Undergrad: 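Submitted below is the structure of interest, expressed as structure tokens.
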Amino acid sequence: MGKPTGFLEIERRDRGYAKPEERLKHYHEFIKPLPDADLRAQASRCMNCGIPFCHNGCPVNNMIPDWNHLVYADDWKNALETLHSTNNFPEFTGRICPAPCEAACTLNIEDTPVTIKSIECQIVDRGWEEGWITPQIAAVKTGKRVAVVGSGPAGMACAQQLARAGHAVTMFEKSDRIGGLLRYGIPDFKMEKHLINRRGQQMEAEGVEFRTSVEVGVMVSVPSLLENFDAVVMAGGAEQPRRVDWPGSELSGVRLAMEFLTQQNKRNAGDDELRAAPRGTLSAKDKHVVVIGGGDTGSDCVGTSNRQGALSVTQLEIMPRPPEKENKSLVWPDWPMRLRTSTSHDEGCERDWSVLTKRALGQRGVLEALECVRVEWIKGADGRQELREIEGSEFQLKADLVLLAMGFIGPRTTGMIEQSGVELDARGNVKADTLSYATSEARLFSCGDMRRGQSLVVWAIREGRQCARAVDEMLMGESLLPR
Ligand SMILES: Cc1cc2nc3c(=O)[nH]c(=O)nc-3n(C[C@H](O)[C@H](O)[C@H](O)COP(=O)(O)OP(=O)(O)OC[C@H]3O[C@@H](n4cnc5c(N)ncnc54)[C@H](O)[C@@H]3O)c2cc1C
Ligand code: SF4
């Protein structure tokens, strides 16, 4: 613990943002890092608790008090090494993790947690600037070959760990670029894509071979992978979106959020419109946009719509409005259910809760409005919350573009999963436990959203790392990789 009285003397101060009117003009990141001296002061607020709840709050169990101390001591290089010992890609989580660590921080009991995520981000950004982050090439090659399918954060973490253990890793990705949802879901203004390219280059230097634009189960079969590789890891994400079947949902203005977000990310990457949008270009410009779904994906649609020049953006959520503030004595150090307002919301958006969409209205195939009704949630006979429409509360919203962002129900089963014959769990995800990561089929493993269902980048990294260790153990009989 660098400064025993730090938390008493120094107030919490976090990174700032460019003003909405400035940042809405572009798609770049707009976080303004703290000067190093101020960040070191923030790190000194860490109390190095006897039981560091932040360790458990963080899904990769980042050793937060250790690197806080090292940053305070101005020892950035060792802070970086400690950070990398649990997290392959802190520059991803340092930008887009919801930071359950900060919810679990003891100082959060008073709503002033250590600015853990910002410190994490600045350690790794400095590491890249200083040239401290270089390929970690395995000294000894094992002669074993592993195929990793899917290049999202789970596949990337898994592949990097396996390459560092000396295995020859080939990564198969059906998209034209690596990164999974980091690349084509999450907008550039939350995380710029050169960060993925830079890690990709590091991984290539460590021996990972990337095969993009190759869909396993279609262009390469699962049996052929099993024949050519000693182990196969399926990290294909949870790509099946929750859809709607209300009348009017077939109108051309009712679209999936991922179609909209992917197109914009491809435009930002310099792809031409046709390549970016094989089914026609989508734009929110001069449109009244309604986003259905109150989560991260919905919020990303809000930010993207505003950047494209929407006339209005409304976000609807079927669940009730959560409380502004949690009851700390009931939930701390767990992740609290409370109202979250993202930077995209701050840029301009109407938000409404307890709203159910009934139908889309339009003429000659063109969307004009959404018909909605207010709902209440009441306890049913079995104790579970049930939805009831409130009579007479129907209303219409003008809508030229409706973006469906109601989450993902699990992995796509056509192609790779069907061909592999692996068992699925009750929720439709690939069945594998978090010790062995082994599926029901020999030498076939699974991790990330494909195994656990729609989740977070930090959970994907954790699963990728742990799965790599399980594969290494299966191949070698033992493993030195951390779990
Ligand atoms: C719009 C959006 C915003 C989000 N924002 C955040 C956020 O701010 N913070 C956060 O922590 N999480 C966020 N998430 C969730 C996070 O992105 C995911 O939990 C995470 O990316 C899952 O990682 P993964 O590697 O398991 O899968 P993915 O990232 O989904 O990657 C899977 C990859 O596998 C490929 N693939 C699938 N099948 C095959 C096949 N048969 N052959 C070859 N390749 C295949 C896919 O093309 C894809 O590239 C967001 C999700 C979305 C959709
Ligand atoms: S990865 Fe997420 S939970 Fe872990 S320390 Fe970083 S911000 Fe916190």
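In listed order, ligands and their atoms are each counted from 1. Computed from a prediction, not measured in an experiment: that's the story for all the values here.
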Undergrad: My understanding is that we take every heavy atom of each candidate and find the minimum distance to atom 29 (O) of ligand 1. Doing that for D449, T414, I417, L181, which one comes out nearest?
TA: L181
Undergrad: Going by heavy atoms, is V214 under 4.0 Å from ligand 1?
TA: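 It does, in that a heavy atom of V214 comes within the 4.0 Å cut-off of ligand 1.
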Undergrad: Please determine whether any non-hydrogen atom of D300 lies less than 4.0 Å from an atom of ligand 1.
TA: yes
Undergrad: Provide, to 0.1 Å, the distance between atom 11 (O) of ligand 1 and the closest protein heavy atom, together with that atom's residue and name.
TA: V457 N, 2.9 Å
Undergrad: Does ligand 1 have a heavy atom under 4.0 Å from the side chain of E173, from its backbone, from both, or from neither?
TA: both
Undergrad: Under 3.5 Å, is there a donor-acceptor pair linking the side chains of N61 and T86?
TA: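 No pair is found: no donor N or O on one side chain lies under 3.5 Å from an acceptor on the other.
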Undergrad: For atom 27 (O) of ligand 1, find the nearest protein heavy atom and state the residue, atom name and distance (0.1 Å precision).
TA: G237 CA, 3.5 Å
Undergrad: If we set the cut-off at 4.0 Å for heavy atoms, which region of A405 has an atom near ligand 1: side chain, backbone, both, or neither?
TA: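 No part of A405 comes within reach of ligand 1.
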Undergrad: Closest by any non-hydrogen atom to atom 37 (C) of ligand 1: pick that one out of G236, A154, P98.
TA: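 Minimum heavy-atom distance to atom 37 (C) of ligand 1 goes to G236.
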Undergrad: With nothing but distance in play, are any N or O atoms of I96 less than 3.5 Å from an N or O of ligand 1?
TA: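 Checking ligand 1 against I96, an N or O pair does fall under 3.5 Å apart.
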Undergrad: In terms of side-chain heavy atoms, does Q160 have a donor or acceptor partner in Q202 at a distance below 3.5 Å?
TA: yes
Undergrad: Quick one: does P153 get within less than 4.0 Å of ligand 1, heavy atoms only?
TA: yes
Undergrad: Taking only heavy atoms of I64 into account, list the atoms of ligand 2 that are under 4.0 Å away from them.
TA: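 In order of number, 5 (S).
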Undergrad: Is there a heavy atom in R412 that sits closer than 4.0 Å to ligand 1?
TA: yes
Undergrad: Which is it for K190 and ligand 1 at heavy atoms under 4.0 Å: side chain, backbone, both or neither?
TA: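 Side chain only.
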Undergrad: Nearest protein heavy atom to atom 34 (O) of ligand 1, by residue and atom, and its distance?
TA: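 The closest heavy atom on the protein side is G150 CA, 3.2 Å.
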Undergrad: Closest non-hydrogen protein atom to atom 6 (C) of ligand 1, residue and atom name please, with distance?
TA: D296 OD2, 3.4 Å
Undergrad: Which of these, T262, N265, D176, sits in a side chain to side chain donor-acceptor pair (under 3.5 Å) with Y184?
TA: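 Exactly one option meets the side chain to side chain donor-acceptor pair (under 3.5 Å) with Y184, and it is D176.
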Undergrad: Could you check atom 44 (N) of ligand 1 against the protein and tell me its nearest heavy-atom contact, residue, atom and distance included?
TA: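 Minimum-distance protein heavy atom for atom 44 (N) of ligand 1 reads K174 N, 3.1 Å.
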Undergrad: Taking distance alone, with N or O pairs closer than 3.5 Å, would you say V216 contacts ligand 1?
TA: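 Such a contact does occur with ligand 1.
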Undergrad: Check for me: within less than 2.8 Å of atom 2 (Fe) of ligand 2, which protein N/O/S atoms show up?
TA: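 Listed by chain and number, the nearby protein N, O or S atoms are C97 SG.
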